[in-house]
Amino acid sequence: MLVKGIKSRPTYNGITLNPAARKHLVALEAEGAEALLEQSQSANSEEWSKSEILFVATSATAADYEQKMAALKANNVWQAPTIPILLNRLSAVLSKSHMGTCLYVSGTEGFIGQVMQVAMNHGIDPASIKTEHRGSEARRVQCVHCKGFTDNVRTSPYTCPHCGLSLLVRDHYSRRLGAFQGVCIDAEEPGTAPTPEVMFP
Amino acid sequence: MNINFKKETFRDDFTFSNSPEAVRRFPFPFHEDKYMYAVNMEPHVPAGPPGHAYNNPIDVDEHYLSEMEDRAKVLKEDPLRYQALAHMMAAQWDTLELLMEQQAASYPEHFSLTKNGDNWHWINRPMGIDQKFIFGNASTLPLEPLEFITRQAQGDFVIVDQRDNNLWCDAGMVTTQADWSLDFDIGMNFMEWHGPVPLAHEMGVFDRALKFLLNLQQGKPVRRLNWTMTINARLDTSPENYATWGKDRMTVTPDNVGDKVHLRCELQSLWRLPRSNAILFVIRCYLIKMEELVTIPKWGRRFHRVLRDLRNELADYKGLTRYRATTVEWLAKYDDGAATSPGIFPE
């Protein structure tokens, strides 16, 4: 039973650029790029000149986004081959960032969660980070039993690739871990796990 | 008052039981014949008949040594049950001071604390611990202050930091929990941490509780009782080990209810800490078997009525659904329909 409406479930309120910021640091994953591109008309050239964009493509449309982002004339657009590489770069950039830097993140929830983890490790208040969920609803989940993380979980239950238990994906979310919680679904009657259903398309 | 510490287990062969005195001192969590969520906080001042769990602010009982042994086993299997975020060190020392002072004041034959400026000397006779250290200097203790002292105190301990008009679960020792994970919840605020609890958010219970706790004053601790049920006398009903203990819920039969089914009461006390302005949240777990519970006729009658009439959402959340009917049927034998007196204490 997936309990809905759990208060730890994050909400994402959009990534409109804040003109008061001295610098815009923007981390984007795949379709997350659209959340920024949609501001190409409303934001003026000064905002773009204050922007550093870190982008990771995970789909075939990557080249298309790359071209459109180049047209924004941002101070810097950098493309990472994978999410871990983007997170490394983000960490390096944050270690040299100053007061007045505003962080924006858009992409899947798993991506947003991991970017926020890096940012929190650099002392950024998570409430100050602007976020927008774009792309699939797939989740990053931690198995509460073996503590293994799994990215892009689309079904509930799912089989933990680390310990093999069949896990119910809850709405309970840890910002510190950047993950939802997975709990054994058939602990009381082993072997009775229902067939996985696509819950997070 | 010398306590006769019992040697017993909370796993495998489950030799735990309560002496008749321990039954009478049990903090029975129902003051009337029905149950619904409430903020139900009261000043944590000594109360109850002589010997009751409410007599001392930090209660030590006959299960002390065995509970500490069980905690050590849990930590050996899973060290993440103890965690403290880096900014919580002042609150760790606050907690060490509070627990040492309270245990020494209430049980001088078992614990003593001598202070000479910052040079402190702690003796825990039942556990055979004799430790001199410098208060405020973590390198003079074998473990972090919070871990050191909570390996010597019954109950789970969570320290919540107060900032941004909220309370943050930022440190804890959690090995006797009713199915929640410190490792997952550490760093969450009050609403997030209680996120999975059904109905209570909509009732405004957490809004009121938070408002109340933000104003908690030093020297004026408060308490409340919470409850659930546990099959077999297992203290460590953690989500981490759910795959181990979950199947116990399938093992209840009309013949074994008395021994297997336990009412699990949490005596929660909340203390404002002096240096850190954090709040120490003590979640002390007491277990009682159904066959022990019904030796107090008032409790047998009342618990039968509470369990029978409990709302299904609450029964589901507390994980009672699989054995509730069997237990209610067993308890019915002890409910003659007579009226029960108000309050939680035995008649």
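Per chain, numbering begins at 1; letters A, B, ... match sequence-line order. Heavy-atom basis, side chains included; hydrogens, waters and symmetry copies ignored.
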> Under a 4.5 Å heavy-atom cutoff, which of B:Gly187, B:Pro239, B:Gly319 has the most pairs with chain A?
B:Pro239

> Which region of A:Val144, side chain (C-beta onward) or backbone (N, CA, C, O), has a non-hydrogen atom less than 4.5 Å from a non-hydrogen atom of chain B, or is it both or neither?
both

> Can you name the nearest heavy-atom pair linking B:Phe184 to A:Phe180, along with the distance?
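Residues B:Phe184 and A:Phe180, closest heavy atoms: CZ-C, 3.8 Å.
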
> Does CD belonging to A:Gln39 count more than 12 external heavy atoms closer than 6.0 Å?
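Counting neighbours around CD of A:Gln39, more than 12 heavy atoms of other residues, nucleotides or ligands fall under 6.0 Å, so yes.
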
> SG of A:Cys146 to CD of B:Glu240: how many Å apart, nearest 0.5 Å?
11.0 Å

> Identify, with sequence neighbours excluded, every residue that meets salt bridge (charged side-chain N to carboxylate O under 4.0 Å, His left out) alongside B:Asp70.
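With sequence neighbours excluded, B:Asp70 shows a salt bridge (charged side-chain N to carboxylate O under 4.0 Å, His left out) to B:Arg11, given in chain and number order.
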
> Check each atom of A:Ala179 against the heavy atoms of chain B and say whether the ones under 4.5 Å are side chain, backbone, both or neither.
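Contact with chain B involves the backbone of A:Ala179 alone.
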
> Mind ranking A:His145, A:Arg175, A:Gln142 by heavy-atom pairs under 4.5 Å with chain B and telling me who comes out on top?
A:His145

> Would you say that more than 12 heavy atoms from the other residues, nucleotides or ligands in this model lie under 6.0 Å from the CG of A:Asn44, or not?
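More than 12 heavy atoms, drawn from other residues, nucleotides or ligands, come within 6.0 Å of this atom.
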
> For residues B:Trp193 and A:Lys7, determine if any side-chain heavy atom of one lies less than 4.5 Å from a side-chain heavy atom of the other.
no

> Might you point out which heavy atoms bring B:Met188 and A:Ser174 nearest each other, and give the distance in Å?
CE-CA, 3.8 Å

> Does B:Phe212 have any ring pair (Phe, Tyr, Trp, His ring centres under 6.0 Å) partners at least two apart in sequence or in another chain, and if so, which?
none

> In this structure, are over 12 heavy atoms from other groups packed under 6.0 Å from A:Gln41 atom CD?
no

> Quick one: closest heavy-atom pair of B:Asp183 and A:Leu177, and the distance?
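For B:Asp183 versus A:Leu177, the nearest heavy atoms are O-CD1, 4.0 Å.
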
> Restricting to non-hydrogen atoms, name the atom on A:Gln181 and the atom on B:Ser181 that form the minimum distance, rounded to 0.1 Å.
NE2-CB, 4.2 Å

> Report the residues that fulfil ring pair (Phe, Tyr, Trp, His ring centres under 6.0 Å) with A:His133, sequence neighbours left out, ordered by chain and then residue number.
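Per chain and number, A:His133 pairs via ring pair (Phe, Tyr, Trp, His ring centres under 6.0 Å) with A:Tyr12.
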
> Where along residues 80-88 of chain B does a heavy atom come under 4.5 Å of chain A, listed by residue number?
B:Leu80, B:Gln83

> Just wondering, are more than 12 heavy atoms of other shown residues or ligands nearer than 6.0 Å to CZ in B:Arg163?
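Check passes, neighbour count above 12.
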
> What closest approach, in Å, do A:Cys184 and B:Ala243 show between heavy atoms, and which atom pair accounts for it?
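The answer is SG-CB, 4.5 Å.
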
> Tell me whether B:Lys73 at atom NZ has more than 12 heavy atoms from other residues, nucleotides or ligands lying less than 6.0 Å away.
yes

